[in-house]
Amino acid sequence: MRTVIEVRVLSQDETVRLDPDRLQALYDQLGEAGAEDVVCRAMEELAVRLSMTERFFRQDRLDDMRKAARSLTGIAEQIGMNCLARVAGDVTACIDCRDAVALSATLSRLLRIGERSLTEIWDMQNVQV
């Protein structure tokens, strides 16, 4: 029998990057007030959809979870959160493949990246103001 002497905790630190060109295009197209309105509404909706996605997972409502994750993809792409959009697509793929282990891990990643992405865009907006 082996005895565990040391336990290591793996750091889940992943850098998120926003697409500044996508954000600039929104500002060019809609003006400052319009773009800020779109970004603020998108941030609110992303927070709601992230919460829904997690709740549906816990309730084993995979069809609803899939819809919520797909909507995350579109909203995230709209405001330049490419990493968040990609991981939301990965969650959708895990649901489609019926891979429960991968889904659990990918959902955890989605929630981490979602939180970091929202913080990042919030910080960017505070710099622009």
Side-chain angles (χ1 to χ4, degrees):
M1 177 184 269
R2 296 181 104 181
T3 303
V4 176
I5 298 171
E6 183 178 333
V7 176
R8 292 186 184 224
V9 177
L10 299 177
S11 174
Q12 300 287 331
D13 189 25
E14 185 170 3
T15 303
V16 296
R17 290 184 192 87
L18 303 176
D19 182 355
D21 294 334
R22 181 65 190 126
L23 285 174
Q24 188 60 53
L26 276 176
Y27 277 82
D28 292 346
Q29 182 181 13
L30 304 173
E32 186 173 338
E36 286 179 5
D37 184 51
V38 166
V39 170
C40 285
R41 282 188 283 127
M43 288 172 57
E44 290 172 7
E45 196 60 34
L46 284 170
V48 168
R49 300 295 171 132
L50 283 165
S51 176
M52 288 171 59
T53 303
E54 182 180 25
R55 186 176 72 243
F56 291 147
F57 174 76
R58 295 190 189 291
Q59 294 171 345
D60 199 30
R61 295 170 52 188
L62 294 185
D63 289 338
D64 292 327
M65 183 185 181
R66 186 180 192 286
K67 289 175 191 171
R70 287 200 30 90
S71 68
L72 276 169
T73 303
I75 297 166
E77 286 174 344
Q78 179 186 22
I79 59 173
M81 293 181 170
N82 298 332
C83 184
L84 181 61
R86 187 178 61 250
V87 177
D90 293 342
V91 167
T92 302
C94 290
I95 293 169
D96 292 345
C97 292
R98 302 288 184 205
D99 187 336
V101 174
L103 177 59
S104 180
T106 307
L107 174 63
S108 293
R109 183 171 183 232
L110 176 69
L111 297 174
R112 283 191 313 273
I113 289 175
E115 182 180 329
R116 288 184 185 140
S117 295
L118 289 171
T119 300
E120 180 77 18
I121 201 161
W122 181 261
D123 291 345
M124 279 182 69
Q125 280 207 299
N126 287 337
V127 168
Q128 288 180 353
V129 172

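We use all heavy atoms of the structure for the numbers below, so side chains are in, but hydrogens, waters and symmetry mates are not.
Val91 places none of its side-chain heavy atoms less than 4.5 Å from the side chain of Leu72. Ser108 places a side-chain heavy atom less than 4.5 Å from the side chain of Arg112.
Other residues, nucleotides and ligands contribute only 12 or fewer heavy atoms inside 6.0 Å of the CZ atom of Arg70.
Just one residue in the list Asp64, Asp63, Ile95 forms a side chain to side chain contact (heavy atoms under 4.5 Å, CB included) with Phe56, and that residue is Asp64. Each of Leu84, Leu50, Asn82, Leu46 was evaluated against Ser117; a single residue qualifies, Leu84, per the side chain to side chain contact (heavy atoms under 4.5 Å, CB included) test.
Atoms CZ and CD, from Arg41 and Gln78 in turn, are 8.0 Å apart once rounded to the nearest 0.5 Å. One finds the CZ atom of Phe57 at 11.5 Å from the CG atom of Leu110 (value rounded to the nearest 0.5 Å). Taken from OG1 in Thr92 to CG in Leu62, the straight-line distance is 11.0 Å, to the nearest 0.5 Å.
Within the 3.5 Å criterion, the main-chain N or O of Ala47 finds no donor-acceptor partner in the side chain of Ser51. Under the 3.5 Å distance criterion, the side-chain polar atoms of Ser104 are left unmatched by any main-chain donor or acceptor of Val101.
In terms of heavy atoms, Leu30 sits closest to Val38 at CD1-CG2, 3.5 Å. Closest non-hydrogen pair, Ala69 versus Thr53, comes out as N-OG1, 3.9 Å. Contact detail for Ile113 and Cys83: the closest heavy-atom pair is CD1-SG, 3.8 Å. Residues Glu54 and Leu107 come closest through the heavy atom pair CA-CD2, 4.3 Å. For the pair Tyr27 and Glu36, the tightest heavy-atom approach, listed with the atom from each and the gap, is OH-CG, 3.2 Å.
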Check the pair Met81 / Leu118 against side chain to side chain contact (heavy atoms under 4.5 Å, CB included), numbers first and verdict last. CA-CA 9 Å; Met81 293 181 170; Leu118 289 171; 4.2 Å; yes

Do Leu26 and Arg22 pass the side chain to side chain contact (heavy atoms under 4.5 Å, CB included) test, and can you show the C-alpha distance, the side-chain angles, and the key distance before you say yes or no? CA-CA 6 Å; Leu26 276 176; Arg22 181 65 190 126; 4.1 Å; yes

Going through the checks in order, is the salt bridge (Lys or Arg N to Asp or Glu O under 4.0 Å) test met by Glu45 and Arg49? CA-CA 6 Å; Glu45 196 60 34; Arg49 300 295 171 132; 2.6 Å; yes

